[in-house]
Amino acid sequence: MAEVQTQNTDHPRTTVKLQPGEKVALCRCFASQKFPFCDGAHRQHPGRGPAIVEVVQEAEG
Ligand code: FES
């Protein structure tokens, strides 16, 4: 499961750590109640949508 850590400074920065094979939708509209994750609120803002981030597992062998 994604691990989220936010540093509240003058320029807040959020770090999201993912496990191999994990996939998340990150909010780019700043309207999500689950920020930094997308909750669908962007549908109220035409032309905006999430960034889909996926950690691809390396093939074995
Ligand atoms: S809620 Fe912000 S991109 Fe989906």
Side-chain angles (χ1 to χ4, degrees):
M1 181 156 188
E3 177 184 326
V4 180
Q5 187 174 46
T6 299
Q7 295 175 324
N8 290 313
T9 64
D10 288 345
H11 303 283
R13 179 174 66 184
T14 299
T15 301
V16 179
K17 293 182 180 178
L18 303 176
Q19 299 295 317
E22 197 167 11
K23 181 179 179 180
V24 296
L26 297 177
C27 177
R28 294 190 301 167
C29 74
F30 293 97
S32 175
Q33 296 296 309
K34 295 181 178 178
F35 196 85
F37 302 106
C38 173
D39 68 356
H42 61 266
R43 294 186 185 105
Q44 304 299 318
H45 306 280
R48 297 182 186 179
I52 308 300
V53 180
E54 181 175 8
V55 180
V56 178
Q57 290 182 315
E58 291 184 30
E60 292 184 28

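As the structure lists them, so they are numbered: ligands from 1, and atoms in each ligand from 1.
- Note that OG1 of Thr15 and CD of Gln7 are 6.0 Å apart. Values are rounded to the nearest 0.5 Å.
- Looking at residues two or more places apart in sequence or on another chain, you find a side-chain contact (heavy atoms from CB on, under 4.5 Å) between Phe37 and Ala2, Val4, Val16, Val24, Leu26.
- Nearest heavy-atom pair, Ala31 versus His45, reported as atom, atom and distance to 0.1 Å: CB-NE2, 3.7 Å.
- Taken to the nearest 0.5 Å, the CD atom of Gln5 stands 9.5 Å off from the OG1 atom of Thr14.
- The structure places SG of Cys38 at 13.0 Å from CZ of Arg48, a figure rounded to the nearest 0.5 Å.
- Around atom 2 (Fe) of ligand 1, the protein contributes the following N, O or S atoms at distances under 2.8 Å: Cys27 SG, Cys29 SG.
- Taking NZ from Lys34 and SG from Cys27, the interatomic distance works out to 12.0 Å, rounded to the nearest 0.5 Å.
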